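The structure under discussion appears below in the form of structure tokens.
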Amino acid sequence: MPKEGYTVAESANKEYRRRMRQYRTASGLTHARLAPLIPCSESLVGAVERGTRPPTESFTRGLERTFGLNGELLELLPAIRDVNPVWFRKWPAIEAAARSIRIYQLALIPGLLQTADYARAIFEGEPGATSGEVEKALKARLQRQAILSQTCPPSLSVILDESVLLRHIGGPEVMAEQLRHLLDMMARPYVTVRVVPLSARSTAGLVGPFVLASDDDTSAVFLENAETGEVIHQAEMVHKLNQRWELLSGLAQPTYETMKIIQRAMEEK
């Protein structure tokens, strides 16, 4: 599992530069000879290859055309353009490498299970959010969900406070679609969703949401508040949140009861 110094954007940028250099040298081209073929300045070719300038889509398409590629560089652009805030950028790599992911949410459907319209409504609620920023953030969130469709997906176990189902994010139609999607995802054998009912009153989850991700060797925690978040590998914190998870798990309804709760929430939309 990647450690705290790792970011998806940095790794993707390093790989882009490695491939670019490999294709350029294999073609026998210097920076000066490659530049007019893209076309761009010689200084830009050098800056991208050194990592002092990020590659643009038009620059990358010029490279692909020149080298006769089929997306080998373009596929890296979404990660290089990582629109996630700095404090979150470590997490997608940890999430993607995990064998199991456990999520507790107090206010929202977790990002891995959100529909596009539900996620868009959340991003539109951010102070000062522009339409361009919303769409970039939405694209990044949907790309993260690909880990649940891969050949060997992680096991995903989610505990939701019942209030998550009652909050009309994006309006009744968007929320109804989101709840249907939640039921559809629960049909997958590696996805479990359970609800802590409002009747549980005071619970160990009222202090806030958290995520636990584990692979064969390590575990990590992701904690978030209104303005920032933190990735933690400290064993003591992992242990404490495992304990909190167990308390919440004891209050959560079994899957078949959770499905009934979700269906009732859909009927009330």
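Predicted, not measured: the structure shown is a model, and the values here were computed from it. Residue numbers count from 1 along this sequence.
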> So which of Leu73, Val45, Leu77 actually passes side-chain contact (heavy atoms from CB on, under 4.5 Å) with Phe59?
Replying inline: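 Output: one option passes, namely Val45.
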
For the residue pair [X] and [Y], confirm or rule out a side-chain donor-acceptor distance under 3.5 Å.
X      : Y      : result
Thr115 : Asp117 : no
Arg24  : Thr66  : no
Gln145 : Arg141 : no

Run the salt-bridge test on [X] and [Y] with the 4.0 Å N-O cut-off and return the result as yes or no.
X     : Y     : result
Arg61 : Glu57 : yes
Arg33 : Glu42 : no
Glu49 : Arg17 : no

Can you find a heavy atom in the side chain of [X] that is under 4.5 Å from one in the side chain of [Y]?
X      : Y      : value
Leu241 : Met237 : yes
Tyr190 : Pro154 : no
Tyr23  : Leu34  : no
Val221 : Val211 : no

> Given Ile103 and Ile159, is the side-chain contact (heavy atoms from CB on, under 4.5 Å) satisfied, shown in steps?
Replying inline: CA-CA 6 Å; Ile103 303 173; Ile159 296 177; over 6 Å; no

Shortest non-hydrogen separation from [X] to [Y] and the atoms involved:
X      : Y      : answer
Val195 : Leu165 : CG2-CD1, 3.9 Å
Leu248 : Gly205 : CD2-N, 3.4 Å
Asn13  : Gly51  : OD1-CA, 4.1 Å
His233 : Ser219 : ND1-O, 3.6 Å
Val48  : Pro54  : CG2-O, 4.4 Å
Tyr104 : Trp245 : N-CZ3, 4.1 Å

Any donor-acceptor pair under 3.5 Å linking the side chain of [X] with the backbone of [Y]?
X      : Y      : result
Arg102 : Val158 : no
Glu162 : Leu198 : yes
Arg194 : Ser249 : yes
Glu64  : Glu72  : yes
Ser214 : Ser100 : no
Tyr118 : Ile109 : yes
Asp161 : Val164 : no

> Should we count CZ of Arg53 as having more than 12 external heavy atoms under 6.0 Å?
Replying inline: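 No - once you tally the heavy atoms of other residues, nucleotides and ligands closer than 6.0 Å, there are 12 at most.
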
Look up atom [atom1] in [X] and atom [atom2] in [Y], then write down how far apart they are to the nearest 0.5 Å.
X      : Y      : atom1 : atom2 : result
Met259 : Leu179 : CE    : CG    : 12.5 Å
Ile101 : Ser157 : CD1   : OG    : 11.0 Å
Leu63  : Ser58  : CG    : OG    : 10.0 Å
Gln178 : Leu108 : CD    : CG    : 10.0 Å
Met185 : Leu156 : CE    : CG    : 7.5 Å

>> Using salt bridge (Lys or Arg N to Asp or Glu O under 4.0 Å), reason through Glu268 and Arg264 one step at a time and then give a plain yes or no.
In response: CA-CA 6 Å; Glu268 293 170 3; Arg264 283 199 299 270; 5.7 Å; no

> Is it true that Leu251 and Val207 fall in one hydrophobic cluster, defined by side-chain heavy atoms closer than 4.5 Å?
Replying inline: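 Leu251 does not cluster with Val207.
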
> Going by the salt bridge (Lys or Arg N to Asp or Glu O under 4.0 Å) test, which pairs reach into residues 238-250, not counting sequence neighbours?
Replying inline: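 Residue pairs with at least one partner in residues 238-250: Glu236-Lys240.
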
> Given Glu15 and Arg18, is the salt bridge (Lys or Arg N to Asp or Glu O under 4.0 Å) satisfied, shown in steps?
Replying inline: CA-CA 5 Å; Glu15 177 62 16; Arg18 186 194 68 78; 2.7 Å; yes

